[in-house]
Amino acid sequence: MAVLEYLLVMSLLGMTGFVLFRAAESKSKQQRLTDAFYRLLEDRDSCISLIQLSATARVEPMLAKQYLDEQVKIFGAYPEVDNDGNTYYRFPKM
């Protein structure tokens, strides 16, 4: 019986640690996205592409897209397409 209790406690501790790790990792990615977003706004004359944000923040493209879509709505940015067909989002000047 003591072995089962030990395994149960260890499993719960392991799951708790995993959940806490994932939460910290998610917060870290969110912070990297925010830092990268504002750095790009300054460096790129308020014009940002998805790949720039994803590469600068070093996060998955889908996560960067969700973040960028939120910022587009909040700031009222609009898309622009360059001569090569790349889409950029023009944000209001800082």
Side-chain angles (χ1 to χ4, degrees):
M1 195 65 175
V3 172
L4 289 176
E5 290 173 358
Y6 175 78
L7 290 175
L8 179 61
V9 168
M10 293 308 288
S11 296
L12 289 173
L13 287 175
M15 289 176 58
T16 302
F18 178 75
V19 168
L20 291 174
F21 172 77
R22 296 292 288 178
E25 181 183 41
S26 177
K27 186 174 182 179
S28 173
K29 287 181 180 182
Q30 207 53 31
Q31 187 61 51
R32 288 197 319 253
L33 279 165
T34 299
D35 293 345
F37 176 74
Y38 287 107
R39 187 173 338 121
L40 287 169
L41 280 179
E42 291 176 358
D43 295 347
R44 304 287 182 170
D45 195 33
S46 298
C47 197
I48 301 174
S49 72
L50 174 60
I51 194 165
Q52 288 171 335
L53 181 61
S54 181
T56 302
R58 299 194 183 281
V59 298
E60 300 83 12
M62 289 305 296
L63 185 59
K65 181 171 179 11
Q66 290 171 348
Y67 183 88
L68 190 57
D69 288 345
E70 288 175 20
Q71 301 311 310
V72 165
K73 290 177 188 173
I74 291 169
F75 290 109
Y78 55 92
E80 293 181 356
V81 179
D82 68 7
N83 293 336
D84 295 327
N86 300 312
T87 302
Y88 292 86
Y89 293 91
R90 172 81 51 194
F91 287 85
K93 299 279 183 187
M94 292 180 72

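Starting from 1, each residue takes its place in the sequence as its number.
No donor-acceptor pair closer than 3.5 Å links the side chain of Asp84 to the backbone N or O of Asn86. Checking side-chain atoms of Thr87 against main-chain N and O of Val81 turns up no donor-acceptor pair under 3.5 Å.
Smallest separation of non-hydrogen atoms from Arg58 and Arg32: O-NH2, 3.0 Å. Of all heavy-atom pairs between Ala64 and Leu33, the closest is CA-CD2, 3.9 Å.
There is no path of hydrophobic side-chain contacts, each under 4.5 Å, that joins Tyr88 to Ile74. The same ILVMFWY cluster, assembled from side-chain heavy atoms under 4.5 Å apart, contains both Val72 and Phe75.
Here CG of Asp35 is found 11.0 Å from CG of Leu40. Values are rounded to the nearest 0.5 Å. Between Arg39 atom CZ and Gln52 atom CD the span is 12.0 Å, to the nearest 0.5 Å.
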Where do Lys73 and Asp69 land on the salt bridge (charged side-chain N to carboxylate O under 4.0 Å, His left out) test, with the steps shown first?
CA-CA 6 Å; Lys73 290 177 188 173; Asp69 288 345; over 6 Å; no
What do the steps show when you test Leu50 against Tyr89 for side-chain contact (heavy atoms from CB on, under 4.5 Å), and what is the final call?
CA-CA 9 Å; Leu50 174 60; Tyr89 293 91; 5.5 Å; no
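Residues meeting the side-chain contact (heavy atoms from CB on, under 4.5 Å) test with Leu41, sequence neighbours left out: Phe37, Tyr38, Ser46, Ile48, Phe91, Met94. Looking at residues two or more places apart in sequence or on another chain, you find no side-chain hydrogen bond (donor to acceptor under 3.5 Å, both in side chains) involving Arg44. Shown here are the side-chain contact (heavy atoms from CB on, under 4.5 Å) partners of Ala36, two or more places apart in sequence or in another chain: Leu53, Thr56, Ala57.
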